[in-house]
There are 2 protein chains.
Amino acid sequence: MTKAAGRPPRSDAEILEFRTRVSEHAMSIYRAEGFEAVSMRRLSKRVGCAPTTLYAHFAGKTEILMLLWADVLSEMEAHVRDKIQDKTNTADSLAAATYAFVTYWRDHPDDFRLVFMSSNVGKTDVDSFIKAGNVDRGFAIFKDLLRAHDPGAVDADIDIRSETLVAGMIGVALCLNTISGYAWPSVSRMTDQLLAGIIAS
Amino acid sequence: MTKAAGRPPRSDAEILEFRTRVSEHAMSIYRAEGFEAVSMRRLSKRVGCAPTTLYAHFAGKTEILMLLWADVLSEMEAHVRDKIQDKTNTADSLAAATYAFVTYWRDHPDDFRLVFMSSNVGKTDVDSFIKAGNVDRGFAIFKDLLRAHDPGAVDADIDIRSETLVAGMIGVALCLNTISGYAWPSVSRMTDQLLAGIIAS
DNA sequence: GGTTTATTTGAAACGCGTAATGAAAAATTC
DNA sequence: GAATTTTTCATTACGCGTTTCAAATAAACC
């Protein structure tokens with residue numbers, strides 16, 4: 001079997017090693033200095049390559065930032081789980097989880113920006129990430145809590161209710177973050193209001 | 001009265017004329033070519049000045065984009081009002097308005113991006129705009145519809161419910177726009193679900 | 001009219017994300 | 001070992017938003 005002349009493509013191991021390195025450096029910069037500090041020039045210096053080399057491995061900056069989503073969503077989920085730990089009934093759990101979710105994003109604006117505002121609306125580079133099931137991470141807990149609260153509900157109903165709740169909470173967090181000068185009602189009032197229709201359904 | 005030597009400051013009329021010109025050109029570019037086409041270089045060429053001159057008149061690009069919000073919000077409101085025109089009962093009006101609101105933003109991603117995703121989270125340049133009461137434009141209609149549906153409710157309760165509804169709808173629109181590859185429930189399902197708790201409260 | 005002064009405007013530059021294209025590297029072929 | 005080939009990497013450049021600071025402008029003063 002004669003192979004074609006030419007430089008061989010990167011091996012799977014090389015690809016993984018490079019992506020892992022980029023991801024770790026990106027997260028390191030992000031954790032130390034925040035969202036704005038994660039620039040391609042900065043990141044490439046840390047990785048030890050030219051900025052444009054990153055584009056040979058990733059479709060764009062958005063794809064790199066998506067590598068950071070998993071960590072952030074895990075942290076948010078840990079925060080929510082911590083807040084519901086001492087709750088004994090399902091309604092209290094849901095209320096505490098809802099409140100914890102929104103206040104997490106309010107108190108971590110860089111995280112919010114990373115996950116919800118860096119994907120350039122209209123560009124579907126996020127599709128592969130989503131199809132890998134990553135959207136559920138950090139959000140599935142609400143589906144579980146709702147199922148525990150309403151064990152007899154049909155799966156499709158649980159999906160609609162939990163996904164509407166998540167979208168609604170994201171909207172509240174967006175408003176708190178983006179239009180922070182507005183006198184929004186208190187977070188607990190808004191989250192309780194959101195939850196009212198979800199629980200009563 | 002001896003005035004100090006030196007070039008006189010711009011008059012109020014000059015200030016207004018320039019800002020109006022910038023606003024009109026920005027809107028013209030936006031309408032013709034979309035969000036991405038509204039760049040400072042492009043805009044300054046159209047206005048007939050250097051890009052940096054824009055910064056002597058506006059705090060930054062965000063402030064210019066905010067000038068466009070009013071038109072977009074008016075259009076969105078007209079769309080919603082059109083959809084509720086033939087509704088005869090308040091619950092149907094609310095359902096139709098909620099659905100129209102979310103689908104408007106879903107179907108106008110550039111408008112969504114302009115209003116909700118161009119203000120650079122964490123930077124409070126939007127405060128002056130907000131304090132001028134502009135956030136209410138396009139959103140007050142939900143307060144009115146809710147008041148009509150529930151005339152006996154306390155004002156503070158109407159505020160919480162309507163503002164939570166608006167935030168929730170924005171969240172749904174954000175998810176549809178940003179995470180468009182995810183299999184969200186249908187818009188009507190989600191808006192009905194959002195509305196369930198708002199109406200029942 | 002020339003000088004001084006205060007304000008406005010714009011040239012030059014910076015780092016940003018990214019595209020186009022040439023140089024470098026690593027393999028096979030002869 | 002030189003030539004060819006294919007892939008990888010990096011240089012150069014572009015338009016982006018924005019800052020710094022010099023040039024230009026328009027007024028009062030002498």
Side-chain angles (χ1 to χ4, degrees), chain A residues 1-19 21-22 26 29-30 33-68 113-114 117-123 125, chain B residues 1-19 21-22 26 29-30 33-67 113-114 117-123 125-126:
Chain A
M1 174 71 84
T2 313
K3 292 166 35 179
R7 179 171 174 166
R10 295 181 293 256
S11 67
D12 286 346
E14 281 171 325
I15 290 170
L16 182 64
E17 188 272 334
F18 186 82
R19 291 178 72 95
R21 201 153 34 99
V22 169
I29 295 170
Y30 179 75
E33 300 176 53
F35 183 83
E36 299 280 349
V38 188
S39 75
M40 300 300 267
R41 283 170 171 81
R42 182 74 187 285
L43 184 54
S44 61
K45 275 199 180 63
R46 289 285 291 271
V47 169
C49 67
T52 48
T53 302
L54 296 174
Y55 293 90
H57 293 253
F58 300 91
K61 185 177 177 183
T62 298
E63 194 184 330
I64 295 175
L65 294 179
M66 274 189 278
L67 296 181
L68 311 186
R113 193 160 170 210
L114 174 73
M117 304 190 72
S118 59
S119 58
N120 282 329
V121 178
K123 304 186 182 176
D125 293 338
Chain B
M1 174 74 82
T2 312
K3 292 167 31 178
R7 179 171 175 166
R10 295 182 292 255
S11 68
D12 286 347
E14 281 171 326
I15 290 169
L16 182 64
E17 188 273 335
F18 186 82
R19 292 178 70 95
R21 203 153 33 100
V22 170
I29 296 170
Y30 179 75
E33 300 177 53
F35 183 82
E36 296 281 349
V38 188
S39 75
M40 300 302 267
R41 284 170 169 81
R42 183 74 187 284
L43 186 54
S44 61
K45 277 199 176 68
R46 289 284 291 271
V47 170
C49 67
T52 48
T53 303
L54 296 174
Y55 292 89
H57 294 251
F58 300 90
K61 185 175 176 182
T62 298
E63 194 184 329
I64 295 174
L65 293 179
M66 274 189 278
L67 296 181
R113 194 161 171 209
L114 174 73
M117 304 190 72
S118 59
S119 58
N120 281 330
V121 178
K123 302 185 185 176
D125 294 339
V126 293

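Residue numbers start from 1 in every chain, and the chains themselves are labelled A, B, ... in the order their sequence lines are given, proteins ahead of strands. A quick note: this is a predicted structure, and the numbers were derived from the prediction, not measured.
- As rounded to whole Å, 9 Å separates atom P of dG17(D) from atom CG of Leu43(B).
- In this structure, Arg42(B) atom CZ and dG17(D) atom P are separated by 12 Å, rounded to whole Å.
- Distance from the side chain of Thr52(A) is smallest to dA19(C) among dT18(C), dA19(C), dG10(C).
- Closest non-hydrogen pair, Arg21(B) versus Val47(B), comes out as NH1-O, 2.6 Å.
- Relative to the side chain of Tyr55(A), the nucleotides dA10(D), dG10(C), dG17(C) differ in distance, and dG17(C) lies closest.
- Residues Gly6(B) and Cys49(B) both approach DNA chain C. Their nearest nucleotides, taken by heavy-atom distance, put Gly6(B) toward the 5′ side.
- Counting only heavy atoms from C-beta on, Arg41(A) has its side chain closest to dA13(D) among dC16(D), dA27(C), dA13(D).
- Look at CZ on Phe35(B): it is 13 Å from P on dC16(D), rounded to the nearest Å.
- Between the side chain of Arg41(B) and the backbone N or O of Pro51(B), no donor-acceptor pair lies under 3.5 Å.
- Taking only side-chain atoms of Arg7(A), from C-beta outward, the nucleotide of dA26(C), dA26(D), dG17(D) with the closest atom is dA26(C).
- Contacts of Arg10(B) with the nucleic acid, taken as non-hydrogen atoms under 4.0 Å apart, involve only primed sugar atoms and P, OP1 or OP2.
- With rounding to whole Å, Ile29(B) atom CD1 is found 10 Å from dC16(D) atom P.
- Although no hydrogens or angles enter the test, the distance criterion places no donor-acceptor pair under 3.5 Å between the side chain of Lys61(B) and the main chain of Ser118(B).
- Using a 4.0 Å cut-off, no side-chain N or O of His57(B) falls inside it from OP1 or OP2 of dT8(C).
- Rounded to a whole Å, the NZ atom of Lys45(A) is 14 Å from the C1' atom of dA10(D).
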Is there a side-chain contact (heavy atoms from CB on, under 4.5 Å) between Ile64(B) and Met40(B)? Walk through the geometry before answering. CA-CA 10 Å; Ile64(B) 295 174; Met40(B) 300 302 267; 3.8 Å; yes
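- For Glu14(A) and dA25(C), the CD to C1' distance is 12 Å, given to the nearest whole Å.
- Among dT8(D), dT5(C), dT5(D), the nucleotide with an atom closest to any side-chain atom of Ala5(B) is dT5(C).
- Residue order along DNA chain D, read from the 5' end via each residue's closest nucleotide, puts Lys61(B) first among Lys61(B) and Pro8(B).
- The nearest whole Å value for the distance from the CG atom in Leu54(A) to the C1' atom in dT11(D) is 15 Å.
- The CE-P distance, from Met40(A) to dA10(D), rounds to 14 Å in whole Å.
- For Arg10(A) and Glu17(A), the salt-bridge test fails: no basic side-chain N is under 4.0 Å from an acidic carboxylate O.
- The phosphate of dC16(D) (OP1 or OP2) has a side-chain N or O of Ser39(B) nearer than 4.0 angstrom.
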